[in-house]
Amino acid sequence: QLQLVESGGGLVQPGGSLRLSCAASGFTLDDYTIGWFRQAPGKEREGVSCISRSGVANYADSVKGRSTISRDNAKNTVVLQMNSLKPEDTAVYYCAAVRLPNVLQAVCPMTGNPYGRGYWGKGTLVTVSS
């Protein structure tokens with residue numbers, strides 16, 4: 001069964017850190033472009049970060065400087081390390097994977113539409129509160 005599973009969410013105090021993982025089963029993540037998205041209650045889904053097949057990473061302005069995305073090919077996972085968390089980071093975080101043509105191996109979309117042809121996880125809840 002081909003699926004993505006997110007983990008690592010939870011309740012954290014402002015200023016704290018979380019390490020979100022996106023694990024794949026049934027396929028190899030290093031063949032895919034990976035995106036992290038989040039959706040807060042009452043708000044639209046937004047792109048948080050992504051990493052291309054060649055390792056190019058992008059970040060939303062709201063998390064830039066506080067987050068790092070990386071691949072762990074040995075574990076077939078992609079990790080989003082988030083530091084200095086703020087209450088406005090509270091959301092359900094989703095990872096998505098799409099296989100783009102080789103010519104786009106350095107491309108990393110931050111919108112959800114390109115990932116519509118790929119796979120999505122069910123999300124992990126991050127709550128930042130004191």
Side-chain angles (χ1 to χ4, degrees):
Q1 185 177 4
L2 306 179
Q3 63 177 357
L4 291 173
V5 178
E6 303 93 338
S7 62
L11 174 63
V12 62
Q13 291 187 343
S17 298
L18 281 176
R19 182 179 172 90
L20 304 182
S21 292
C22 173
S25 60
F27 62 104
T28 304
L29 276 183
D30 61 2
D31 292 334
Y32 288 74
T33 301
I34 309 300
W36 278 98
F37 299 85
R38 67 186 180 187
Q39 188 164 21
K43 295 188 177 182
E44 293 186 356
R45 184 182 64 195
E46 64 174 346
V48 177
S49 181
C50 61
I51 187 165
S52 76
R53 287 172 56 191
S54 64
V56 173
N58 289 329
Y59 301 92
D61 288 344
S62 58
V63 304
K64 196 172 294 182
R66 302 188 291 122
S67 300
T68 304
I69 190 170
S70 60
R71 293 182 181 270
D72 186 340
N73 290 336
K75 295 182 179 180
N76 204 24
T77 63
V78 170
V79 173
L80 180 66
Q81 176 71 40
M82 300 188 70
N83 303 318
S84 302
L85 285 162
K86 306 175 182 180
E88 51 264 42
D89 293 318
T90 295
V92 178
Y93 284 71
Y94 302 89
C95 67
V98 66
R99 192 163 189 171
L100 297 179
N102 288 340
V103 69
L104 298 178
Q105 64 177 315
V107 171
C108 171
M110 287 283 285
T111 61
N113 287 345
Y115 297 89
R117 297 180 286 109
Y119 306 98
W120 286 80
K122 294 183 178 180
T124 185
L125 176 63
V126 171
T127 303
V128 184
S129 175
S130 55

Once you round to the nearest 0.5 Å, how far does CG of N76 lie from OG1 of T28? 5.5 Å

For Y119 and L2, the nearest pair of non-hydrogen atoms, with its separation, is OH-CD1, 3.0 Å

Grab the two heavy atoms, one from S17 and one from Q81, that are nearest each other, plus how far apart they are. CB-NE2, 3.8 Å

Hey, does P109 have a side-chain heavy atom less than 4.5 Å from the side chain of V107? yes

If I take atom CD from residue E6 and atom CG from residue L80, how far apart are they, to the nearest 0.5 angstrom? 11.0 Å

Do any side-chain atoms of residues 44-52 form donor-acceptor pairs under 3.5 angstrom with protein atoms, and if so which ones, sequence neighbours left out?
| unit_1 | atom_1 | unit_2 | atom_2 | d |
| --- | --- | --- | --- | --- |
| E46 | OE2 | R38 | NE | 2.6 |
| E46 | OE2 | R38 | NH2 | 3.1 |
| S49 | OG | N58 | O | 2.9 |
| S52 | OG | S54 | N | 3.2 |
| S52 | OG | S54 | OG | 3.2 |
| S52 | OG | G55 | N | 3.3 |
| S52 | OG | V56 | N | 2.9 |
| S52 | OG | Q105 | O | 3.0 |

In terms of heavy-atom contacts, L29 and A97 come closest through CD2-CB, 4.2 Å

I need the K75 NZ to S21 OG distance, nearest 0.5 Å. 8.0 Å

Other than V5, what residues sit in its cluster of Ile, Leu, Val, Met, Phe, Trp and Tyr side chains whose heavy atoms are under 4.5 Å apart, directly or through others? none

Rounded to the nearest 0.5 Å, what separates atom CE in M82 from atom CD1 in I69? 10.5 Å

Common cluster, V12/W36, ILVMFWY with side-chain heavy-atom separation under 4.5 Å: yes

When rounded to the nearest 0.5 Å, the distance separating CD1 of I34 from CZ of R53 is 11.0 Å

Return all side-chain donor-acceptor pairs below 3.5 angstrom for residues 122-130, not counting sequence neighbours, or 'none' if the list is empty.
| unit_1 | atom_1 | unit_2 | atom_2 | d |
| --- | --- | --- | --- | --- |
| T124 | OG1 | G9 | N | 3.1 |

ring-ring contact (aromatic ring centres under 6.0 Å, His included), paired with F37, selected from W120, Y93, Y94: W120

Indicate yes or no: does D89 engage K86 in a salt bridge with an N to O separation below 4.0 Å. no

Just verifying a value: how many Å separate L4 CG and T77 OG1, rounded to the nearest 0.5 Å? 11.0 Å

Work out which heavy atom in R71 is nearest to a heavy atom in D30; give both atom names and the distance. NH1-CA, 3.6 Å

